[in-house]
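A note on names: the letters A, B, ... follow the listed sequences, proteins ahead of strands, and every chain is numbered from 1.
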2 protein chains.
Amino acid sequence: MTTLAASKVKGDDDGPVLAKLPREPLHDRVYKELRRALMAARFTPGEQLTLRATAEKMGVSVMPVRAAFNRLVAERAVVLLPNGSVAVPQMSARRFEELVELRATLEGLAVRKAAKAITPAELDALAEISDELTKAGMSGDGELYLDLNKAFKFTIYEASRSPELFGLIEALWLQFGPFMHNYAKDVRAHGVEDCHREVLAALQARDGAAAEKAMTSDISGGAKFLASVATFAP
Amino acid sequence: MTTLAASKVKGDDDGPVLAKLPREPLHDRVYKELRRALMAARFTPGEQLTLRATAEKMGVSVMPVRAAFNRLVAERAVVLLPNGSVAVPQMSARRFEELVELRATLEGLAVRKAAKAITPAELDALAEISDELTKAGMSGDGELYLDLNKAFKFTIYEASRSPELFGLIEALWLQFGPFMHNYAKDVRAHGVEDCHREVLAALQARDGAAAEKAMTSDISGGAKFLASVATFAP
DNA sequence: TTGTGTGATTTGTGATCACAGTATATCACA
DNA sequence: TGTGATATACTGTGATCACAAATCACACAA
């Protein structure tokens with residue numbers, strides 16, 4: 001009591017006195033690690049992931065891996081083989097087109113909504129990322145460019161204040177990620193890294209339609225470039 | 001060998017002699033049953049579902065239930081409580097608006113795509129469902145109306161030939177379903193059951209824009225009605 | 001009456017085991 | 001050397017158990 005009262009006096013209402021240690025189940029960590037590896041294209045498309053092998057590689061039992069696999073299957077980040085095994089999905093031309101169209105639709109909607117809801121602080125953060133993005137584009141660091149690109153876009157989607165929409169977009173990126181990262185080094189050759197400046201300007205002007213247009217053209221442009229250099233599965 | 005040859009002679013290539021028993025894991029059945037119950041609003045929003053209780057109710061071990069819960073959490077059909085339990089989600093006004101907007105966007109896109117890809121056979125099936133729908137609308141059977149309504153729409157979405165889009169729409173319906181079914185009996189009072197005729201006509205004319213417009217107006221109209229009679233969680 | 005500490009119960013989590021199915025490798029035989 | 005059957009290993013699946021954390025209830029004291 002006395003300590004609690006004392007801390008109250010100090011003015012820390014939500015208690016930074018003691019760090020709230022986040023109870024994170026093992027299967028969550030496995031899931032995140034798998035997701036990270038998937039995003040970073042650490043697996044080759046079509047590769048089979050077996051329960052016991054991945055469990056042993058990560059030094060855990062099969063149980064957490066099973067739970068993580070279930071989640072990834074439900075999110076379509078991996079595909080379920082008829083015998084129950086999972087495999088990292090292949091990207092066909094049809095699926096690619098579909099995902100691009102969905103990305104353009106949903107991310108366009110998110111930008112439009114963000115134009116109405118974004119805060120000045122978020123706009124400042126966006127401007128800073130945009131600056132780093134142009135620098136990364138000139139330096140030719142493909143990996144950094146992709147990371148900043150993602151940070152830029154997801155800051156906007158977060159600002160749309162639509163958690164459901166945000167979740168759908170995240171799911172799409174999870175399917176897109178592994179494929180995109182294969183061509184990270186080629187992205188810098190794209191040269192069209194000015195779209196984010198347009199998006200930022202439109203957001204600052206609160207012009208939702210212009211922001212959406214800039215974002216969708218950025219997505220379809222990037223997709224067109226990607227389609228030109230990538231090889232697809234039948 | 002001889003028996004195999006003999007069966008070949010008999011002409012049963014894919015063997016309708018013995019039904020091919022579809023190996024369906026137990027956790028799949030549990031998942032589907034849970035999903036069905038969720039759709040039929042068998043649980044009250046906010047209700048907690050515990051592993052052992054549901055396992056005992058369904059007469060299975062906790063393992064399949066665990067897998068099913070994981071899937072449902074990943075699909076946002078249930079929410080994950082901080083202690084790891086799951087609960088059927090509450091529908092807030094904000095979430096309702098968000099889901100309606102997403103449904104209008106994605107289902108509109110699906111109809112537009114279906115207008116270009118739908119086959120004559122599918123159009124015939126759609127016309128038949130449409131007739132039954134008008135009859136159900138007049139008879140006042142809310143449950144049947146909802147079922148036919150779903151069949152009508154999903155036939156169209158299937159015809160869009162976009163499995164990824166179809167999956168997203170399914171996920172949205174899974175979140176919508178429990179809430180909608182609570183007001184199944186009120187739906188017949190809605191009176192605006194002519195939208196599907198417009199959609200059908202537009203599809204027959206291959207007019208994607210008109211079909212999309214009719215579909216989105218149907219969705220937002222239904223949502224407006226639902227919002228007027230439903231009570232939301234804070 | 002209200003707050004507090006303690007005990008019991010219930011919770012999810014993770015490991016291990018048994019099992020049935022399938023694919024693979026191995027070996028015998030022609 | 002090629003072909004066949006058999007045996008071996010490996011797959012996901014599901015059940016059971018142990019454990020720790022959280023929750024709840026109840027008794028006790030201020």
**Study point:** Pairs touching residues 66-94 of chain B that satisfy salt bridge (Lys or Arg N to Asp or Glu O under 4.0 Å), sequence neighbours left out
**Key:**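 Residue pairs passing salt bridge (Lys or Arg N to Asp or Glu O under 4.0 Å), neighbours aside: D28(B)-R71(B).
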
Review point. Salt bridge (Lys or Arg N to Asp or Glu O under 4.0 Å): which pairs involve residues 108-119 of chain B, sequence neighbours left out?
Key: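 Only E101(A)-K113(B), R112(B)-E212(B) qualify under salt bridge (Lys or Arg N to Asp or Glu O under 4.0 Å).
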
Check your understanding: Atom CD of Q48(A) to atom P of dT22(C): distance rounded to whole Å?
Key -> 15 Å

Exercise for review: In whole angstrom, give the distance that lies between atom CG of L81(A) and atom P of dT22(C).
Suggested key: 14 Å

Side-chain donor-acceptor contacts of residues 158-166 of chain A below 3.5 Å, not counting sequence neighbours, with atom names and distances?
{"residue": "S160(A)", "atom": "OG", "partner": "Y157(A)", "partner atom": "O", "Å": "2.6"}
{"residue": "R161(A)", "atom": "NH1", "partner": "E122(A)", "partner atom": "OE2", "Å": "3.3"}
{"residue": "R161(A)", "atom": "NH1", "partner": "E158(A)", "partner atom": "O", "Å": "3.1"}
{"residue": "R161(A)", "atom": "NH2", "partner": "E122(A)", "partner atom": "OE1", "Å": "3.1"}
{"residue": "R161(A)", "atom": "NH2", "partner": "E122(A)", "partner atom": "OE2", "Å": "3.2"}
{"residue": "S162(A)", "atom": "OG", "partner": "S160(A)", "partner atom": "O", "Å": "3.1"}

Review point. Who pairs with L148(A) by side-chain contact (heavy atoms from CB on, under 4.5 Å), at least two apart in sequence or on another chain?
Key: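 L148(A) satisfies side-chain contact (heavy atoms from CB on, under 4.5 Å) with I129(A), E132(A), L133(A), A136(A), L144(A) only.
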
Review point. Excluding sequence neighbours, so at least two apart, what forms side-chain contact (heavy atoms from CB on, under 4.5 Å) with D147(B)?
Key: none

Revision key, fill the gap. Quick tally for nucleotides 9-18 of chain D: nucleotides whose base has a protein heavy atom under 4.0 Å get B, sugar-phosphate-only ones S, the rest -, giving --BBBBBB-B

Review point. For residues 24-45 of chain A, which residue pairs qualify under ring-ring contact (aromatic ring centres under 6.0 Å, His included), counting only residues two or more places apart or in two chains?
Key: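 Every candidate ring-ring contact (aromatic ring centres under 6.0 Å, His included) pair involving residues 24-45 of chain A fails, so no pair, neighbours aside, qualifies.
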
Check your understanding: Restricting to pairs with a member in residues 66-104 of chain B, which pass ring-ring contact (aromatic ring centres under 6.0 Å, His included), not counting sequence neighbours?
Key ->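 Found F96(B)-F176(B), F96(B)-F179(B), F96(B)-F232(B).
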
Practice item. Mind grabbing the angle between the end helix axes of the helix from dT1(C)-dA30(D) to dA30(C)-dT1(D)? Five pairs an end, 10° rounding. Key: 10°

Check your understanding: Do you know the tightest heavy-atom contact between T216(A) and G108(A)?
Key -> CG2-CA, 4.1 Å

